[in-house]
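Just below is one structure, and these are the notes that go with it.
Sequence lines set the chain letters: A, B, ... in the order given, protein chains first and strands last, and positions in each chain run from 1. It should be emphasised that the depicted structure is a prediction, and the values quoted were computed from it without experimental measurement.
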Protein chains: 2
Amino acid sequence: MPHIKSKGHCLSCPVRNRSIFSDLSEDSLEASIKDFHTAVISYDAGESIFHQNDKSDESSYTLRKGLIKITKSLPDGRVQIVRVLVAGDLFGFDGLAGKEYNHTATALTACEVCRLPLPDLSEVRKNNQEVDSSIMSRIIKNLRQTEDMLLELGAKKASEKLASFLLTLGRSDIRSDLNTDMNNDIQWVKLPLSRSEIGSLLGLTIETVSRFISDWKRKGYIKESKGYIQIIDADGLKKAACTEGSC
Amino acid sequence: MPHIKSKGHCLSCPVRNRSIFSDLSEDSLEASIKDFHTAVISYDAGESIFHQNDKSDESSYTLRKGLIKITKSLPDGRVQIVRVLVAGDLFGFDGLAGKEYNHTATALTACEVCRLPLPDLSEVRKNNQEVDSSIMSRIIKNLRQTEDMLLELGAKKASEKLASFLLTLGRSDIRSDLNTDMNNDIQWVKLPLSRSEIGSLLGLTIETVSRFISDWKRKGYIKESKGYIQIIDADGLKKAACTEGSC
DNA sequence: CGACCGATTGACTATTTTCAAGTGGTGTGG
DNA sequence: CCACACCACTTGAAAATAGTCAATCGGTCG
């Protein structure tokens, strides 16, 4: 069960330098936060922070630790993963444009989030140019990334989707977000999703995902061990899977 | 070729009550706009306002008249339609979160847009709570709608995608946006997209789109005439195309 | 050890795309 | 006014792609 650990302490926050407040000096932060009604809440893997179509609780959230998947689903149970959140990401701001949440947020791993009431968010947005533009910029980046996924889902074949997903994982700027634990070996990237979840992200079945990955392992393009993956031959992967530079 | 018609006159703007300034009184609007550097620009059908990967011109745009499609494409030419804009919609705010446009905007019909420099937009956002929250709300609605499309593209079968597209067109709140011309017959909705564009929106080929539509015409679920479409039997359409209430 | 769960693999089926030919409407030039 | 080209759309047949169903593997945990 989720439980509230404490009121948040922004100055000592583990994601202070990746949050929407990263641009604030210690002084401005201290001044801004004194009226915040923050709460740090823990979730176990598999637990949901909120659900699609639930009434918004008028809070925004910042992910402090762990990974969260944002999903949408059809009445018959089919699920689409919309995006995966990493430490520092802002979410739950849906309430700024509608009464109900548009999607579900579920912990992929044990998580800690910091809840900030929307009125507090609006207040700090009014008072701090930097925070305001940081929030705006994050929301627009979410939009850009979602548009990119639209192209992935609508225009690409299964192998192309899967290859570009793996190649994205391999990008160094992503890796550090995923390998949150002891493992810092630069070659191996933690796979944040199960086969079935990868399918749900890319609009494929678990079998299709499994087949291509197995095939590419046999061909020596990638390696996998204990939930970690390594891209051995990015060019081979691209050539095999990506028509005309689609990845 | 696009050409600049005039400086915009917000007070007499045809989309005044649907724009980001709709909540402002005439007085506040007059006060706000006096320093705006607006320009009304016309485009013929098929012309583009800006292109994916182009450097942003640091402007936002409001669509005054006509329809615009927002698209993304792959290097090999495959195209995905991201959304269709109607009068009053704000676009081009990409520049708030990156140097390059993330997508292409192309006129589907003859269009008029009003260009507003981003610095002006930021200024009015700072000074007007209402405009600020209107902009924020629009951007988040764009995000919600794009997430919805992700579910459409990733989780649904061809017939389900197409049926929910047609049923959406049939919704009364959409119709008025499309039937901008003389035709006000409530039954018939103007189809804003060609078969090939519908395919590009839903991640299908033109043939697949054509086949299902022909089939549903034969079965009497829909009618079509001169670019207008009518949904005769929404229930039949749902039953035929939509597994377990997927539409 | 046995139950369970995620992943793999094979065989088969369904869906969608591809390729190709044809239709029908519209507009242009002779 | 007709012949023609052009374009969007339709239709059919074949091929490719991805999904379904089912059996099995391999690791983990009680």
Side-chain angles (χ1 to χ4, degrees), chain A residues 45-46 69 74 76-81 108-109 152-163 165-166 190-219 222-229 240-244 246, chain B residues 45-46 69 74 76-81 108-109 152-163 165-166 190-219 222-229 240-244 246:
Chain A
K69 64 175 172 182
L74 256 19
D76 72 348
R78 282 175 282 181
V79 177
Q80 178 66 37
I81 295 183
L108 280 169
T109 65
E152 294 289 315
L153 289 182
K156 288 188 177 179
K157 293 189 296 182
S159 59
E160 295 169 333
K161 294 177 185 179
L162 207 49
F165 168 72
L166 293 177
K190 183 155 205 169
L191 249 185
L193 304 173
S194 68
R195 295 288 188 273
S196 140
E197 285 167 329
I198 296 173
S200 173
L201 177 72
L202 303 176
L204 304 170
T205 58
I206 178 173
E207 291 95 335
T208 301
V209 173
S210 183
R211 271 183 243 278
F212 278 110
I213 290 185
S214 296
D215 187 40
W216 294 338
K217 279 190 214 166
R218 279 187 287 264
K219 287 182 174 145
I222 57 177
K223 272 189 195 168
E224 194 184 20
S225 166
K226 297 178 184 296
Y228 284 76
I229 194 166
C242 309
T243 321
E244 304 227 20
S246 68
Chain B
K69 63 175 172 183
L74 255 20
D76 72 348
R78 282 175 282 181
V79 177
Q80 178 65 37
I81 296 184
L108 281 169
T109 64
E152 294 288 314
L153 288 182
K156 288 188 177 180
K157 291 189 297 182
S159 60
E160 296 169 333
K161 294 178 185 178
L162 207 50
F165 168 72
L166 293 178
K190 183 156 206 167
L191 248 186
L193 303 173
S194 68
R195 295 288 188 272
S196 144
E197 284 168 330
I198 296 172
S200 173
L201 176 74
L202 302 175
L204 304 170
T205 58
I206 178 174
E207 293 96 335
T208 301
V209 173
S210 182
R211 271 183 244 278
F212 279 110
I213 290 186
S214 296
D215 187 39
W216 295 338
K217 279 191 215 167
R218 280 187 286 266
K219 286 180 175 147
I222 57 177
K223 272 190 196 168
E224 193 183 20
S225 166
K226 298 177 184 300
Y228 284 76
I229 193 165
C242 309
T243 321
E244 304 227 19
S246 67

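Taking the nucleotide of DNA chain D with the nearest heavy atom to each of A:Lys156 and B:Arg218, the more 5' of the two is matched to B:Arg218.
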Worksheet entry | Contact pattern, 5' to 3', of nucleotides 19-30 of chain D - B, S or - by protein heavy atom under 4.0 Å | SBB---------

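The shortest non-hydrogen separation linking B:Ala158 to B:Leu204 is CB-CD2, 3.7 Å.
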Practice prompt. Might you work through the side-chain contact (heavy atoms from CB on, under 4.5 Å) test for B:Leu166 and B:Phe212, ending with a clear yes or no?
Written response: CA-CA 11 Å; B:Leu166 293 178; B:Phe212 279 110; over 6 Å; no

Worksheet entry | side-chain contact (heavy atoms from CB on, under 4.5 Å) between A:Ser200 and A:Lys69, intermediate numbers included | CA-CA 11 Å; A:Ser200 173; A:Lys69 64 175 172 182; over 6 Å; no

Item to complete: Give the intermediate values and the outcome of side-chain contact (heavy atoms from CB on, under 4.5 Å) for residues B:Glu197 and B:Ile81.
Response: CA-CA 7 Å; B:Glu197 284 168 330; B:Ile81 296 184; 3.9 Å; yes

Practice prompt. Report the C-alpha separation of A:Lys156 and B:Leu74 in whole Å, then their side-chain angles, then the decisive distance to 0.1 Å, and conclude whether the side-chain contact (heavy atoms from CB on, under 4.5 Å) test is met.
Written response: CA-CA 9 Å; A:Lys156 288 188 177 179; B:Leu74 255 20; 4.0 Å; yes

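In this structure, the side chain to side chain donor-acceptor pair (under 3.5 Å) partners of B:Lys217, at least two apart in sequence or on a different chain, are B:Glu224. Residues satisfying the side chain to side chain donor-acceptor pair (under 3.5 Å) criterion with A:Gln80, sequence neighbours excluded, are absent altogether. Legend: residues meeting side chain to side chain donor-acceptor pair (under 3.5 Å) with B:Ser214, ordered by chain and number and at least two apart, are absent.
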Within the sub-3.5 Å range, which N or O atoms of nucleotides 6-9 of chain D have a protein N or O partner, and how far apart are they?
{"residue": "D:dC9", "atom": "OP1", "partner": "B:Arg195", "partner atom": "N", "Å": "3.4"}
{"residue": "D:dC9", "atom": "OP2", "partner": "B:Arg195", "partner atom": "N", "Å": "3.1"}

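You can see that DNA chain C meets the heavy atoms of chain A within a 4.0 Å-exclusive cut from C:dA7 to C:dA11, reading 5' to 3'.
To the nearest 0.5 Å, atom CZ of residue B:Arg218 and atom CD1 of residue B:Ile213 are 11.5 Å apart. Within the model, atoms CG of A:Leu162 and CG of A:Asp215 stand 10.5 Å from one another, a figure rounded to the nearest 0.5 Å.
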